[in-house]
Number of protein chains: 2
Amino acid sequence: MTPAPGSPGDVLTLISAGSATTRSDLARLTGLARSTISQRVDALIESGLVEESESGESTGGRPPRQLRLHTDGHAFAGVDVGATHCRVALMDISGEVLAECEDPLLVTEGPEAVLAHVDTRLDRLLAEAGRPRSALRALGMGVPGPVEFATGRPNNPPIMPGWNDYPIPEHFEDCVVLVDNDVNVMALGEHRNAFPGTGHLLFVKVGTGIGCGIVAEGRLHRGAQGSAGDIGHIRVSGHDDAGCRCGNSACLEAVAGGAALARRLTELGVPAATGADVVALVQAGDTLALRLVREAGRHIGEVLAGLVNFFNPEVIVVGGVLSRVHEHLLAGIRETIYRRSLPLATHHLSIVPSRTGEDAAALGAGLLAIEHYLSPDNINKIVNA
Amino acid sequence: MTPAPGSPGDVLTLISAGSATTRSDLARLTGLARSTISQRVDALIESGLVEESESGESTGGRPPRQLRLHTDGHAFAGVDVGATHCRVALMDISGEVLAECEDPLLVTEGPEAVLAHVDTRLDRLLAEAGRPRSALRALGMGVPGPVEFATGRPNNPPIMPGWNDYPIPEHFEDCVVLVDNDVNVMALGEHRNAFPGTGHLLFVKVGTGIGCGIVAEGRLHRGAQGSAGDIGHIRVSGHDDAGCRCGNSACLEAVAGGAALARRLTELGVPAATGADVVALVQAGDTLALRLVREAGRHIGEVLAGLVNFFNPEVIVVGGVLSRVHEHLLAGIRETIYRRSLPLATHHLSIVPSRTGEDAAALGAGLLAIEHYLSPDNINKIVNA
DNA sequence: ACCCTTTGTTCGATGATCGGCGGAAGATAT
DNA sequence: ATATCTTCCGCCGATCATCGAACAAAGGGT
């Protein structure tokens with residue numbers, strides 16, 4: 001469980017995290033003898049998990065042979081199933097994207113249709129990358145609804161008719177499948193890609209609805225039923241007239257979600273159907289749309305201010321369609337958070353737009369799969385086999 | 001780090017958690033040979049950490065010798081420094097309370113005075129329990145303000161003048177000292193004492209102010225600056241007139257805290273100075289006080305409803321002075337949470353009054369110390385020494 | 001009284017790890 | 001150019017931890 005850090009899995013963890021790139025690094029970090037490390041590294045190379053690259057720079061003596069993950073022979077997939085699109089990324093074990101595609105696809109077409117689509121795209125991407133299907137080691141998938149993570153089954157998802165309790169992993173017989181909520185995988189993607197050193201991070205997705213992915217101590221917090229982060233139905237003050245599809249009123253989503261903004265704009269005589277339309281209007285210089293977006297930022301900020309006090313994150317990342325006009329959205333969010341949160345919690349808090357963009361979900365889903373595969377336990381199993 | 005579970009520390013963890021009570025249990029659980037386990041157990045007995053009790057029941061063969069933590073020779077202290085009281089509990093390594101005391105004491109008297117008081121009480125309790133000062137292995141302390149946990153220094157605590165940045169651990173030279181926020185240690189005490197199997201728990205303290213301790217995956221979540229759980233200044237809707245000492249308005253604490261309730265009662269012609277007075281009035285059957293408490297429950301419920309959506313806990317425990325009239329407080333809390341939170345999150349959610357009561361803070365502080373001492377790393381160090 | 005089952009210890013065998021030695025490979029000094 | 005220094009890495013005998021078989025202990029069942 002916890003004693004001397006030394007198993008092959010631990011060694012690989014250090015290599016994949018970039019904490020160690022040479023055998024001597026590993027010896028220093030693990031406290032194991034150099035000879036033992038050499039043996040461990042040999043085993044990892046033997047298993048096809050690690051390779052040597054060209055020699056590094058000398059520090060006065062013989063230059064060390066650099067180690068890195070062996071990126072051939074394996075493949076991992078990250079799948080982003082959205083309400084109206086499907087993105088599939090093929091990645092190598094280091095997290096590099098080998099090939100990627102996105103197609104319009106309605107999640108309402110049901111699991112068989114969507115998963116069949118994923119299968120065809122997967123085969124195409126594998127062919128593009130020149131790897132056989134058998135190279136696929138694990139697949140991560142983000143879906144737009146709550147999921148029981150342990151079993152990979154959607155849990156009464158409101159916008160995924162036909163998916164309830166559907167055993168997604170069983171569709172892919174040949175590899176491990178991990179399924180999670182889309183906002184969770186986006187949070188993971190953003191964290192690993194742009195804020196790897198951050199302990200506690202919130203990723204807020206402002207799209208049609210509003211959701212939040214939670215990273216605590218570097219790991220995803222899913223909560224007891226896997227429904228953590230569902231902040232779209234938190235009450236905002238002063239909007240008791242705004243009815244929400246959930247049956248309550250004054251929900252954040254009903255006040256500041258993309259769909260709500262579009263509806264409101266339409267009411268005010270500026271036709272808009274979706275969050276993307278709202279963004280387009282803002283970008284076209286429509287002052288009314290701009291005002292609404294900024295106002296939405298304030299409402300989101302009100303909710304986030306409470307969550308900052310409660311959770312005390314280091315970083316809040318704002319993503320989703322609306323973040324395309326993040327200058328305006330963030331202004332409102334920042335304004336309210338800095339006014340309503342405690343100084344101790346805001347002092348070192350960064351509130352930033354997504355750096356990973358459209359790709360965060362597929363990337364994060366892939367990373368979920370890769371990190372599962374690279375877990376020390378799993379690696380030890382592979383090496384000992 | 002993660003390989004075969006086998007170090008002395010791991011073995012002791014299994015014993016202290018009650019997962020294993022005999023050598024064969026340990027062999028089964030760790031996968032180690034019986035002979036190896038015997039050797040490990042011998043080392044633990046040698047170090048005075050484990051002892052054998054009378055034989056257990058036979059299951060058809062030789063009855064196993066029962067193992068348990070050796071509760072003599074060590075002592076641990078849990079200190080609950082409140083605004084107006086100081087409670088010290090002396091515990092053995094199993095978490096049993098050996099002796100305990102509580103005295104009125106103002107935290108405003110400053111660190112030297114308070115810590116000197118703790119010292120004298122500690123000596124008295126040690127004498128009562130018949131253990132020398134040298135038996136004290138670790139001390140945990142909860143204080144009413146934010147703390148930088150890593151260093152044990154209070155971080156700009158609003159109600160602890162003179163304590164800012166004071167290095168509390170340095171005052172106790174002979175043993176390890178862990179300092180945390182009082183609500184955090186209460187949450188820990190409640191979790192370990194009453195809800196040990198629960199993964200995610202919130203402990204809400206409703207006293208003069210309102211705070212929240214967060215247990216995620218069985219461990220305390222402190223956040224980036226150690227200020228997590230500060231829910232007293234989250235905004236509640238419809239009370240923009242209620243000014244708060246933090247400078248904002250409509251803070252939960254300014255609407256539903258014990259001090260706020262007392263002030264409001266006084267305004268309405270029923271004199272009350274503190275939360276305890278409010279509780280006394282309710283217990284005496286004052287209907288106005290009762291209505292205010294129930295109303296306060298609804299406001300707290302509004303904030304908690306948001307946190308339930310965000311954090312998705314399994315259990316919410318309500319403690320603090322106001323929970324003495326928990327029938328009324330919880331009614332309001334439950335009502336609002338079940339109305340405003342998502343069904344998936346509330347379906348398996350329990351909302352219960354504290355089962356640990358007045359003792360939760362001192363107990364939790366002591367457990368913080370004990371768990372630190374029993375951490376595998378620390379035990380391995382002790383056994384190898 | 002005898003055998004069976006389970007527990008716990010002893011002790012030699014096994015295998016993993018250690019650490020010293022020497023060769024490799026480049027930097028630096030002569 | 002040569003020598004020396006430094007660091008890296010593989011080899012190999014010594015050492016140490018773990019294992020597993022055998023045995024002793026302790027109780028139940030027949």
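Below, chains carry the letters A, B, ... as their sequence lines are ordered, and counting in each starts from 1.
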State, to 0.1 Å, how close A:R137 and A:C175 come at their nearest heavy-atom pair, and which atoms those are. O-CB, 3.5 Å
Give a yes-or-no answer on whether the side chains of B:D359 and B:T356 include a donor-acceptor pair shorter than 3.5 Å. no
Rounded to whole Å, how long is the line connecting atom CG of A:D25 with atom C1' of D:dT7? 12 Å
Applying a 4.0 Å non-hydrogen cut-off, can you work out what B:R34 is touching in the nucleic acid: base, sugar-phosphate, or nothing? base
In whole angstrom, what separates B:E52's CD from C:dT7's P? 14 Å
Under 3.5 Å, N/O pairs linking protein and nucleotides 26-30 of chain C:
residue: C:dG26; atom: N2; partner: A:G60; partner atom: O; Å: 2.9

Can you check the B:Q66 CD to C:dT7 P distance for me, whole Å? 11 Å
Closest to side chain of A:A33, choosing from C:dG19, D:dC9, C:dT9: C:dG19
What is the separation between atom CG on B:L26 and atom C1' on C:dT7, rounded to the nearest whole Å? 13 Å
Go through the side-chain N and O atoms of A:Q39 and A:T36 and say whether any donor and acceptor fall under 3.5 Å apart. no
Closest listed nucleotide, where the reference is the side chain of B:R23 and the choices are C:dT17, D:dT18, C:dT9: C:dT9
Testing the 3.5 Å rule here: is there a donor-acceptor pair between the side chains of B:D377 and B:S375? no
Grab the N/O contacts between the protein and nucleotides 12-16 of chain D below 3.5 Å, and write none if there aren't any.
none

Rounded to the nearest angstrom, tell me the gap between atom CZ in B:R28 and atom C1' in C:dT7. 11 Å
OP1 or OP2 of D:dA17 less than 4.0 angstrom from a side-chain nitrogen or oxygen of B:Q39, does that happen here? no
From CD1 of B:I37 over to P of D:dT18, roughly how many Å is that when rounded to an integer? 10 Å
Among A:N378, A:V41, A:L49, which one satisfies side chain to side chain contact (heavy atoms under 4.5 Å, CB included) with A:L12? A:L49
Table please: side-chain donor-acceptor pairs of residues 61-71 of chain A below 3.5 Å, with sequence neighbours left out.
residue: A:R65; atom: NH1; partner: A:E52; partner atom: OE1; Å: 3.3
residue: A:R65; atom: NH1; partner: A:E52; partner atom: OE2; Å: 3.3
residue: A:Q66; atom: OE1; partner: A:T21; partner atom: OG1; Å: 3.3
residue: A:R68; atom: NE; partner: A:E51; partner atom: OE2; Å: 3.0
residue: A:H70; atom: ND1; partner: A:E51; partner atom: OE1; Å: 3.0

A:R65, nearest nucleotide to its side chain (from D:dC19, C:dG8, D:dG10): D:dG10
Return the set of residues passing salt bridge (Lys or Arg N to Asp or Glu O under 4.0 Å) with B:R131 (not counting sequence neighbours), or none when no residue passes. B:D72
Please tabulate, for the side chains in residues 217-224 of chain B, all donor-acceptor contacts under 3.5 angstrom to protein atoms that are two or more places apart in sequence or on a different chain.
residue: B:E217; atom: OE1; partner: A:R219; partner atom: NH2; Å: 3.2
residue: B:R219; atom: NH2; partner: A:E217; partner atom: OE1; Å: 3.3
residue: B:H221; atom: NE2; partner: A:F311; partner atom: O; Å: 2.9
residue: B:R222; atom: NE; partner: B:D180; partner atom: OD2; Å: 2.7
residue: B:R222; atom: NH2; partner: B:D180; partner atom: OD2; Å: 2.9

In whole angstrom, give the distance that lies between atom CG of A:D10 and atom C1' of C:dT17. 16 Å
Hey, does the side chain of B:R40 come within less than 4.0 Å of D:dT18's phosphate (OP1/OP2), counting only N and O? yes
Residues at least two apart in sequence or cross-chain that pass side-chain hydrogen bond (donor to acceptor under 3.5 Å, both in side chains) with A:T59, listed by chain then number, are none
A:I45 CD1 to D:dC9 C1': how many Å, rounded? 12 Å
